[in-house]
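Just so you know, residue 1 is the first one in the sequence shown, and it goes up from there. In this text the structure is predicted, and so the values were computed from the model without any measurement.
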Amino acid sequence: YFVRAIPNIINATFYTTGQMTINAYYINSFGVIFDKMFEAACKYIEQKPGATVISISQNDSTLSESGECRCDACMKEIEKYGSSGAMLRFVNRMANALKSKYPYIYVETLAYYYTQEPPKGGVTAAENVIVRFCNAGGCMLHSLTEEDPNSELFYPANNNKAYQSLLGWSEAADNLYIWDYNIDFG
């Protein structure tokens, strides 16, 4: 089930698995929005005493659907750190705040669609942050490194791009998980 954590202020959702997603809106807002998200995360952790991971991630959507904030302040942050760096800075701040109260909790976030490319500007994941890399849009018939003479018929640029992004994330996150899935809507 879905429960709105902060209705009409931020698109935040808790799942029974412990996942909380946020739109990229307000990633620069470290005031009221951050405080409300921290409060909601603490409440959720208190309700799930066995939890060791909480996910604070962007919504499951493409850039065009995501609502990634394009205001001047956010664009400056995105230009300096990339979309993933801006998001990761927010997640790191949340992870550090949660660590003081729940030192056993890891904060998981997605590297997915508009945050799939690794961060710029020296941004790295905090020690209690897990980055879950998602190969969105790649060809599942071929490995990320496989040379295929017919690959231009499929997704050659996406597989190579995903591989380069994965290498970059391996430098930016000590806790790197892979979410590899094949979508079949048929």
Side-chain angles (χ1 to χ4, degrees), residues 2-15 17-45 51-134 136 165 168-177 179:
F2 300 99
V3 177
R4 293 282 179 203
I6 310 168
N8 302 320
I9 298 174
I10 190 166
N11 190 3
T13 307
F14 285 104
Y15 297 82
T17 59
Q19 184 173 3
M20 179 169 135
T21 63
I22 62 170
N23 248 349
Y25 284 117
Y26 312 114
I27 56 175
N28 261 339
S29 178
F30 292 133
V32 173
I33 301 302
F34 180 87
D35 294 343
K36 287 184 179 283
M37 286 193 65
F38 178 76
E39 180 183 314
C42 290
K43 182 178 177 183
Y44 186 82
I45 292 167
T52 57
V53 176
I54 186 168
S55 183
I56 300 176
S57 300
Q58 71 201 52
N59 280 336
D60 182 6
S61 60
T62 62
L63 178 60
S64 63
E65 299 169 341
S66 69
E68 184 179 34
C69 188
R70 297 294 184 177
C71 74
D72 289 342
C74 285
M75 286 308 296
K76 285 179 185 174
E77 180 98 351
I78 290 167
E79 286 173 22
K80 186 172 184 178
Y81 303 112
S83 293
S84 61
M87 180 66 78
L88 189 56
R89 286 168 43 88
F90 182 91
V91 170
N92 281 345
R93 182 161 184 251
M94 183 65 68
N96 288 330
L98 289 170
K99 184 178 181 178
S100 66
K101 194 168 182 179
Y102 310 100
Y104 56 91
I105 290 288
Y106 282 82
V107 177
E108 182 256 359
T109 194
L110 297 173
Y112 185 57
Y113 280 118
Y114 66 89
T115 60
Q116 185 173 336
E117 291 185 21
K120 303 186 300 190
V123 176
T124 59
E127 66 180 15
N128 61 330
V129 169
I130 298 167
V131 174
R132 186 181 303 246
F133 180 83
C134 304
S165 293
W169 275 109
S170 72
E171 297 293 322
D174 289 338
N175 302 308
L176 181 61
Y177 292 14
W179 185 347

(request) Hey, could you give me the CD1/OG distance between Ile130 and Ser55, rounded to the nearest 0.5 Å? (result) 9.0 Å
Distance-only donor-acceptor pairs under 3.5 Å for side chains of residues 169-176, two or more places apart:
residue: Trp169; atom: NE1; partner: Gln116; partner atom: O; Å: 2.7
residue: Ser170; atom: OG; partner: Leu167; partner atom: O; Å: 2.5
residue: Asn175; atom: ND2; partner: Glu127; partner atom: O; Å: 3.0
residue: Asn175; atom: ND2; partner: Val129; partner atom: O; Å: 3.3

(message) Holding to side-chain contact (heavy atoms from CB on, under 4.5 Å), I want the full list of residues that pass it with Tyr102, two or more places apart in sequence or in another chain.
(response) Cys42, Ile45, Glu46, Leu98, Tyr104, Ile105
(request) Grab the two heavy atoms, one from Gly85 and one from Pro119, that are nearest each other, plus how far apart they are. (result) CA-CB, 3.4 Å
(request) Walk me through it: do Val107 and Asn92 pass the test side-chain contact (heavy atoms from CB on, under 4.5 Å)? (result) CA-CA 8 Å; Val107 177; Asn92 281 345; over 6 Å; no
(message) Nearest 0.5 Å, please: how far is OH in Tyr113 from OG in Ser83?
(response) 15.0 Å
(request) Kindly compute the distance separating NZ (Lys76) from CD1 (Ile78), expressed to the nearest 0.5 Å. (result) 13.0 Å
(message) When you compare the side chain of Ser57 with that of Glu108, does any pair of heavy atoms fall below 4.5 Å?
(response) yes
(message) Using only atom types and a distance under 3.5 Å, with no angle test, would you say the side chain of Lys80 pairs donor to acceptor with the backbone of Ala86?
(response) no
(request) For residues Thr124 and Leu88, determine if any side-chain heavy atom of one lies less than 4.5 Å from a side-chain heavy atom of the other. (result) no
(request) State the OG1-CZ distance between Thr109 and Phe133, to the nearest 0.5 angstrom. (result) 13.5 Å
(message) Quick check for you: to the nearest 0.5 Å, what is the distance between Met87 atom CE and Arg89 atom CZ?
(response) 13.0 Å
(message) Measuring only between side-chain heavy atoms, which start at C-beta, is Cys134 closer than 4.5 Å to Trp179?
(response) yes
